[in-house]
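Not measured: the values here are computed from a predicted model. In this chain, numbering begins with 1 at the start of the sequence shown. Both ligands and their constituent atoms are indexed starting at 1 by order of listing. Just so you know, these numbers use all the heavy atoms, side chains as well, and skip hydrogens, waters and symmetry mates.
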Amino acid sequence: PTGSFKARGLAMAVSKAKALGLTKLAIPSAGNAATALSIYAARAGMEAHIFMPQDAPTFNRKTCQLAGAEVTLVDGLITDAGKIVAERKADEGWFDVSTLKEPYRVEGKKTMGLELAEQFNWELPDAIVYPTGGGTGIVGMWKGFEELEAIGWIDGKRPRMISVQAAGCAPIVKAWQEGRTEADPWENAQTTVAGLRVPQAVGDFLILDAIYQSGGAAVAVTDDEIRKEMGTLAAYEGILACPEGAATIAGIR
Ligand SMILES: *Cc1c(COP(=O)(O)O)cnc(C)c1O
């Protein structure tokens with residue numbers, strides 16, 4: 001409903017925040033999470049305080065403002081926006097709904113895994129190729145598969161989890177290539193693909209764990225390759241993908 005799958009996580013996070021009596025939510029976001037939070041917070045009658053990089057897509061800024069959120073543009077990356085939220089939240093009485101700093105967004109994103117299982121008739125595909133920023137999608141799907149297996153709806157066959165990142169910001173790819181279980185922050189992150197411009201993921205170790213456990217991989221692709229595959233998807237499939245989505249096609253090649 002808000003133009004990206006971020007709606008899955010934030011519909012859940014905002015609903016739980018509302019049930020638990022919170023009134024003011026804050027988020028650092030590269031764009032799409034900000035839009036999703038703003039819309040759901042408005043619906044719930046709660047305040048949304050948005051911190052996003054000044055070069056985040058204008059669609060996101062405009063949709064947040066349309067929904068009545070308070071938007072602050074930050075001269076920096078999503079990690080810099082995160083620092084501002086962390087510094088101010090106690091004084092302002094905000095609850096921080098940053099990726100993996102509260103427990104419910106991952107429960108919402110988990111539904112991608114549930115839906116995949118259902119659509120594949122409870123037999124999971126061989127591989128899932130996922131454009132990775134903060135990584136909640138991979139972590140959520142993996143959690144969903146674990147739970148489906150625990151209740152006996154799927155067997156133990158899991159997809160290889162394959163993470164795609166932009167060459168100018170690929171901390172997970174670098175960590176995987178080096179066989180590490182945690183990722184170093186990426187210096188000088190540079191990509192025009194907003195959702196993938198995440199130099200440090202809170203859940204890096206969880207993403208890497210799912211990749212290793214599944215026999216997966218992590219691959220970096222350039223912005224030019226991504227733009228080209230946006231064209232491929234449009235021309236051959238009639239799919240007007242965002243660059244993050246198109247990155248998966250570049251990753252597969
Ligand atoms: C946020 C986002 C991603 C990255 O997802 P994570 O689960 O945070 O890794 C990929 N694509 C789009 C369109 C996004 O908005």
**Study point:** Proximity flag Thr99 to ligand 1, non-hydrogen atoms under 4.0 Å
**Key:**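 In this structure, Thr99 fails to qualify as a contact of ligand 1 - no heavy atom is under 4.0 Å.
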Of all the atoms in ligand 1, which lie at a distance below 4.0 Å from a heavy atom belonging to [X]?
{"X": "Asn32", "result": "13 (C), 14 (C), 15 (O)"}
{"X": "Gly137", "result": "7 (O)"}
{"X": "Cys242", "result": "13 (C)"}
{"X": "Gly133", "result": "4 (C), 6 (P), 9 (O)"}
{"X": "Thr132", "result": "9 (O)"}

Looking only at protein heavy atoms, which one is nearest to [atom], and what is the separation?
{"atom": "atom 8 (O) of ligand 1", "value": "Gly134 N, 3.2 Å"}
{"atom": "atom 10 (C) of ligand 1", "value": "Pro131 O, 3.5 Å"}
{"atom": "atom 5 (O) of ligand 1", "value": "Tyr130 OH, 3.1 Å"}
{"atom": "atom 11 (N) of ligand 1", "value": "Glu244 CB, 3.1 Å"}
{"atom": "atom 9 (O) of ligand 1", "value": "Gly135 N, 2.6 Å"}
{"atom": "atom 3 (C) of ligand 1", "value": "Lys6 NZ, 3.5 Å"}
{"atom": "atom 12 (C) of ligand 1", "value": "Phe5 CE2, 3.5 Å"}

Donor-acceptor pair, distance only, cut-off 3.5 Å: does the side chain of [X] make one with the backbone of [Y]?
{"X": "Arg160", "Y": "Gly215", "answer": "yes"}
{"X": "Glu244", "Y": "Ala247", "answer": "no"}
{"X": "Lys109", "Y": "Met141", "answer": "no"}

Check your understanding: Can you find an N/O atom of Gly195 closer than 3.5 Å to an N/O atom of ligand 1?
Key ->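 No.
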**Study point:** Donor-acceptor side-chain pairing of Asp224 and Thr222 below 3.5 angstrom
**Key:**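 The criterion, which ignores hydrogens and geometry beyond distance, is not satisfied for Thr222 and Asp224.
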Point to revise | Thr35 side chain to Arg61 side chain, donor-acceptor N/O pair below 3.5 angstrom | key: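 No, no side-chain donor-acceptor contact under 3.5 Å.
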Practice item. Please work out whether the ring planes of Trp94 and Phe51 are parallel, tilted or perpendicular, with thresholds of 30° and 60°. Key: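 Ring orientation, 0 to 90° scale: tilted.
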Check your understanding: Taking the six-membered ring of Trp186, is the NZ or CZ of Arg197 close enough (under 6.0 Å from the centre) and on axis enough (within 45°)?
Key ->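 Pair Arg197/Trp186 does not count as cation-pi.
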Point to revise | Criterion side chain to side chain contact (heavy atoms under 4.5 Å, CB included) against Leu10, the qualifying member of Ile39, Asn32, Thr2, Ile27 | key: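 Running side chain to side chain contact (heavy atoms under 4.5 Å, CB included) over Ile39, Asn32, Thr2, Ile27 with Leu10 returns exactly one hit, Ile27.
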Practice item. Scan Lys24, Lys89, Lys83 and name whichever one has a salt bridge (Lys or Arg N to Asp or Glu O under 4.0 Å) with Asp96. Key: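 Result: among Lys24, Lys89, Lys83, Lys89 is the only option passing the salt bridge (Lys or Arg N to Asp or Glu O under 4.0 Å) with Asp96.
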